[in-house]
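One-based numbering along the sequence shown.
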Amino acid sequence: MSLAAYCVICWRRIGTSTPPPKSFTYWREIRNIIKFTGSLILGGSLFFTYEVLALKKSLTLDTQVVEREKMKSYIYLHPVPLDKRENHDTFSTVDIEDHECAMWLLLKKSKADERTARLEAVQEMSETHHWHDYQYRIIAQACDARTLIGLARSKESDLRFFLPPPPLPSLKEDSSIEEELRQLLASLPQTEVDECIQYFTSLALSESSQSLAAQKGGLWCFGGNGLPYAESFGEVPSATVETFCLEAIVKHSEIPTHCDKIEASGGLQLLQRLYQLHRDCPKVQRNIMRIIGNMALNEHLFSTIVHSGWVSIMAEALKSPHIMESSHAARTLANLDRETVQERYQDGVYVLHPQYRTSQPIKADVLFIHGLMGAAFKTWRQQDSERILIEKTLEDEDRYTTCWPKTWLARDCPALRIISVEYDTTLSDWRAGCPAERKTIAFRSNELLSKLRAAGVGDRPMIWISHSMGGLLVKKMLLEASQKPEMSPVISNTRGIIFYSVPHHGSHLAEYSVNIRYLLFPSLEVKELSKDSPALKTLQDDFLEFAKDKSFQVLSFVETQPTYIGSMIKLHVVPVESADLGIGELIPVDVNHLNICKPKKKEAFLYQRTLQFIRETLAKDLEK
C-alpha cells in the first residue's frame with residue numbers, strides 16, 4: 001500500500017508541477033521510482049524465497065526413519081523402587097508387535113535366575129538369522145555382559161549382535177601412540193617383580209627411543225613366534241618400540257595387581273588403538289591379545305573389558321581363518337565365560353577344540369607340547385612341501401591345514417578337548433636377561449604343570465603328544481606330579497604318551513651351531529640336550545622307574561633323514577637310538593626332524609597311526 005501511495009504522489013507531482021528548468025528533471029523522478037520499487041521487489045523476493053525453503057526443510061521427513069519407526073515396538077516399564085526390584089518382573093508390561101515377541105522373550109529368558117534357561121536363550125539367539133538389523137542392535141544394547149560373552153562364544157552368532165567399540169579417546173597433545181605405550185609401561189610397578197620382568201621392562205624403556213629413530217619407515221613386522229623353519233635359525237629379527245614394550249607388558253599382565261594398573265591407566269583403550277593400527281602385523285596383535293587374555297583372568301575387570309569393546313573385537317577374531325588370531329580370541333573369551341567355563345587358561349595354554357560353546361560332551365583331553373624353537377600352532381602344521389602342490393585359493397582343510405590337531409583330529413574325535421601349549425625357548429644366551437634356572441627343564445615343567453592344572457588338566461582321561469624337547473618336559477611333568485598329592489589326578493588320568501623324535505639320550509644339536517654366537521653362547525636348553533648331560537640321564541632313569549607300575553601306553557616316532565640347519569649344516573638331530581625310550585613301540589619314519597610331527601596329508605601313515613593310537617587308548621573313556 002505504501003508503495004502504491006508513493007507512486008500516486010509522484011505522478012501527481014509530475015502532472016501539476018511547472019515545467020522544469022531542465023529537460024532531464026522528468027526522467028530523474030522516473031528513475032527514483034524505479035530504483036525504490038526494484039529494491040523493494042528484490043528484497044521481498046529474497047525474503048519470501050528464504051521463508052519457503054525454511055518451511056520446506058522443517059516439513060521434510062526421512063522416509064527411512066518413518067519406515068523404521070513403523071517396524072519398531074516399544075517396551076514400557078513401570079518405575080519400581082530399588083528395594084522391590086529383585087522380585088519384580090520388569091518385563092511384565094510390554095507393548096510390542098507380534099513379530100517381535102520372540103526377541104523380547106529371549107532377552108527376558110537370558111536374564112533368568114536358572115542357568116539352564118539362560119544357556120538355552122543364548123543358544124536360540126545365536127541360531128536366529130531372520131531378524132531385521134535393528135533387532136540385532138536392540139539385543140546388543142539391551143543384553144547383559146554375560147549374554148554378550150555367551151553370544152561371542154556361540155559359533156552361529158551373527159556379528160550384528162556386537163556393537164562397534166566405543167570411540168577411543170584422543171591422544172595427548174604432542175604425543176604419539178609409541179610414547180603413550182612407553183609411559184604405560186613406565187607407570188607399572190618396577191619393584192618386587194622377578195628378574196625376567198625387570199629385564200624386559202628395562203630393555204623396552206632403554207631401547208625404544210633408538211628403535212624409533214632407526215625404524216623411520218614404521219613397524220618392522222614379522223609373523224609367528226619362535227623359529228618354526230630351520231632356515232630361520234640364524235636370523236635375528238629387528239625390534240621396535242611396540243614390540244619391546246608389548247613383550248614387557250605381557251610379562252606384567254601375568255600379575256593381577258599390574259593388570260589393575262594397566263586398566264586404570266587407560267591401557268585397554270591404548271591397546272585397542274594399537275590393535276587397530278597394526279591389523280597387518282600378527283606379532284603385535286598376538287602380544288596385545290595375550291595381554292587382554294591375561295587381564296581376563298581377573299573377574300573384577302570383566303565389566304571394563306566388556307564396556308571397552310574388546311568382546312566385540314574378540315567375537316570377530318574368533319571367526320578368523322587364521323589360527324593364531326582365533327585361538328588367542330578363544331582363550332580370552334573362555335576366561336571371560338564364567339557361565340560355562342570353570343577352567344582358567346593362563347598365558348601359553350590354548351584350546352584348539354572346542355573353541356566355541358558346544359553341546360558335545362567332552363570326555364578326554366589331548367595335550368600337544370612343542371619342542372625347542374617350536375610354537376603352539378606352527379609346530380603342528382601340515383608338511384610344507386604339500387602346500388606347493390595346492391593352489392593358494394583352495395580352502396579345503398582336508399587338503400591342507402595350518403594346524404592338523406585343530407582341523408583333522410577335532411573332526412575325527414569331536415569328544416576331545418585339544419590343548420596346545422606354548423613356551424619360549426632359545427638356541428643362544430647371547431642376550432639372556434632372565435635367570436638361567438628359569439630355562440631348565442625342571443623349572444619349565446613345574447611352571448607348565450601349574451598352568452595345565454589350572455586349565456583342568458587331570459580332571460579327564462588324557463593323552464600327551466610331544467615333539468623333541470617337549471617330550472622331555474612331559475616326562476618331567478609326570479615325575480613332578482607324582483611327588484605332589486594335589487597333582488595326583490594328572491597321574492591317574494594319563495592314558496598314553498606319543499613321542500615325536502624325543503632325544504631321551506641326547507641330541508647332536510648341542511654339538512653344532514648355525515653361527516659363532518650360538519657356538520660361544522649355547523642356551524641352557526641346548527646344553528641340557530647334549531649326550532653327556534647328567535640332568536638328561538637322571539630324567540631318563542627316573543622316568544623308567546616311575547613308569548614300571550603304570551598302565552599308560554607309549555608310542556614313539558623317530559626321523560631317519562637329516563635336517564638342514566641353516567644353509568650349511570646337515571644334521572641328524574635325533575638318531576634312532578636316542579629316540580628309544582625303552583618302553584612302548586618305536587616307529588622309524590622317512591622324514592627329517594622338523595617334519596616328524598607334520599603329516600603330508602590326512603591319509604598319511606603318520607597321522608593315521610597317531611589317530612589309531614588315540615582311539616584305541618581312549619576307547620573305553622570315549623564310550624562312556
Side-chain angles (χ1 to χ4, degrees), residues 228 230 233 366-374 379-380 383 404 421 425 427 441 444-445 463-479 494 496-512 525-548 550 552-565 569-600 604-614 617:
F233 279 8
V366 175
L367 312 175
F368 286 83
I369 318 292
H370 68 78
L372 184 65
M373 305 308 293
T379 289
W380 313 105
Q383 194 172 128
W404 59 263
V421 173
T425 64
L427 286 177
I441 292 176
R444 291 189 191 279
S445 64
I463 289 178
W464 303 82
I465 299 180
S466 59
H467 174 236
S468 192
M469 193 182 83
L472 304 180
L473 287 173
V474 170
K475 290 161 62 177
K476 189 62 177 178
M477 278 191 280
L478 290 174
L479 287 174
T494 293
I497 310 173
I498 296 178
F499 295 111
Y500 288 110
S501 286
V502 173
H504 301 291
H505 305 283
S507 169
H508 293 302
L509 179 64
E511 303 170 13
Y512 295 88
E525 296 100 313
V526 173
K527 291 177 182 178
E528 283 194 320
L529 293 180
S530 62
K531 287 192 172 185
D532 57 350
S533 169
L536 205 60
K537 187 177 186 305
T538 301
L539 175 61
Q540 172 66 5
D541 294 341
D542 290 346
F543 186 78
L544 288 179
E545 184 66 25
F546 158 80
K548 279 183 179 179
K550 300 299 183 296
F552 54 75
Q553 303 297 310
V554 176
L555 173 64
S556 299
F557 296 95
V558 61
E559 78 240 30
T560 60
Q561 292 185 5
T563 303
Y564 282 95
I565 307 297
I569 298 176
K570 188 176 182 181
L571 176 66
H572 198 160
V573 179
V574 179
V576 175
E577 59 272 16
S578 182
D580 187 0
L581 177 63
I583 55 177
E585 182 182 5
L586 176 64
I587 304 176
V589 183
D590 191 27
V591 293
N592 62 30
H593 186 71
L594 294 179
N595 290 332
I596 189 66
C597 57
K598 300 174 180 62
K600 284 188 175 182
F605 169 79
L606 199 57
Y607 173 72
Q608 290 300 321
R609 184 65 183 89
T610 299
L611 178 61
Q612 179 187 357
F613 178 87
I614 294 173
T617 304

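Within 6.0 Å of the NZ atom in Lys550, the count of heavy atoms belonging to other residues, nucleotides or ligands exceeds 12.
In this structure a side-chain-to-backbone donor-acceptor pair under 3.5 Å is present from Ser501 to Glu559. Looking only at distances, a side-chain donor or acceptor of Thr560 sits under 3.5 Å from a matching main-chain atom of Val589. A side-chain donor-acceptor contact under 3.5 Å links His467 to the backbone of His593. Judged by distance alone, with hydrogens and angles left aside, the side-chain atoms of Ser507 form a donor-acceptor pair with the main-chain N or O of Val573 at under 3.5 Å. Looking at Asn595, its side chain never comes within 3.5 Å of a backbone N or O of Lys598 through a donor-acceptor pair.
Qualifying salt bridge (Lys or Arg N to Asp or Glu O under 4.0 Å) partners for Glu577, counting only residues two or more places apart in sequence or in other chains: none. For Gln553, there are no side chain to side chain donor-acceptor pair (under 3.5 Å) partners two or more places apart in sequence or in a different chain. Applying the side chain to side chain donor-acceptor pair (under 3.5 Å) criterion to Gln561, with sequence neighbours excluded, gives Asp590. In terms of the side-chain contact (heavy atoms from CB on, under 4.5 Å) criterion, residue partners of His505 (sequence neighbours excluded) are, by chain and number, Gln540, Ser578. Scanning for side chain to side chain donor-acceptor pair (under 3.5 Å) contacts around Thr610 gives Tyr500, with sequence neighbours left out. Partners of Trp464 by side chain to side chain donor-acceptor pair (under 3.5 Å), not counting sequence neighbours, listed by chain and number: Thr494.
Taking the side chain as every heavy atom from C-beta outward, Leu472 and Lys476 never approach each other to under 4.5 Å. Using a 4.5 Å heavy-atom cutoff, the side chains of Thr379 and Cys597 are in contact. In this structure, the side chains of Glu585 and Phe613 stay at 4.5 Å or more apart for every pair of heavy atoms. Side-chain contact check for Leu473 versus Ile441: some heavy-atom pair is nearer than 4.5 Å. No side-chain heavy atom of Phe557 sits less than 4.5 Å from a side-chain heavy atom of Val591. Between Leu478 and Ile497, the closest side-chain pair of non-hydrogen atoms falls below 4.5 Å. Side-chain contact between Val576 and Leu586 is present, with at least one heavy-atom pair separated by less than 4.5 Å.
Rounding to the nearest 0.5 Å gives a distance of 7.5 Å between CD1 of Ile498 and CZ of Phe368. We find the CG-CG distance between Leu581 and Leu555 to be 11.5 Å, quoted to the nearest 0.5 Å. Atoms NZ and CG, from Lys570 and Asn592 in turn, are 10.5 Å apart once rounded to the nearest 0.5 Å. For the atom pair Leu544 CG and Leu539 CG, the distance stands at 9.5 Å (nearest 0.5 Å). In this structure, CH2 on Trp404 lies 9.0 Å from CG on Leu611, to the nearest 0.5 angstrom.
Here the shortest heavy-atom pairing between His572 and Pro575 reads NE2-CA, 3.9 Å. Taking all atoms of both residues into account, the shortest heavy-atom contact from Ile465 to Val366 is CD1-CG1, 3.6 Å. Nearest heavy atoms, Met469 versus Leu372: CB-N, 3.9 Å. What you find for Ser468 and Gly371 is that their closest heavy atoms are CB-CA, 4.2 Å.
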Decide yes or no on side chain to side chain contact (heavy atoms under 4.5 Å, CB included) for Val502 and Val474, but give the supporting numbers first. CA-CA 10 Å; Val502 173; Val474 170; over 6 Å; no
Does the ring pair (Phe, Tyr, Trp, His ring centres under 6.0 Å) test come out yes or no for His504 and Phe499, once each step is laid out? CA-CA 10 Å; His504 301 291; Phe499 295 111; 5.0 Å; yes
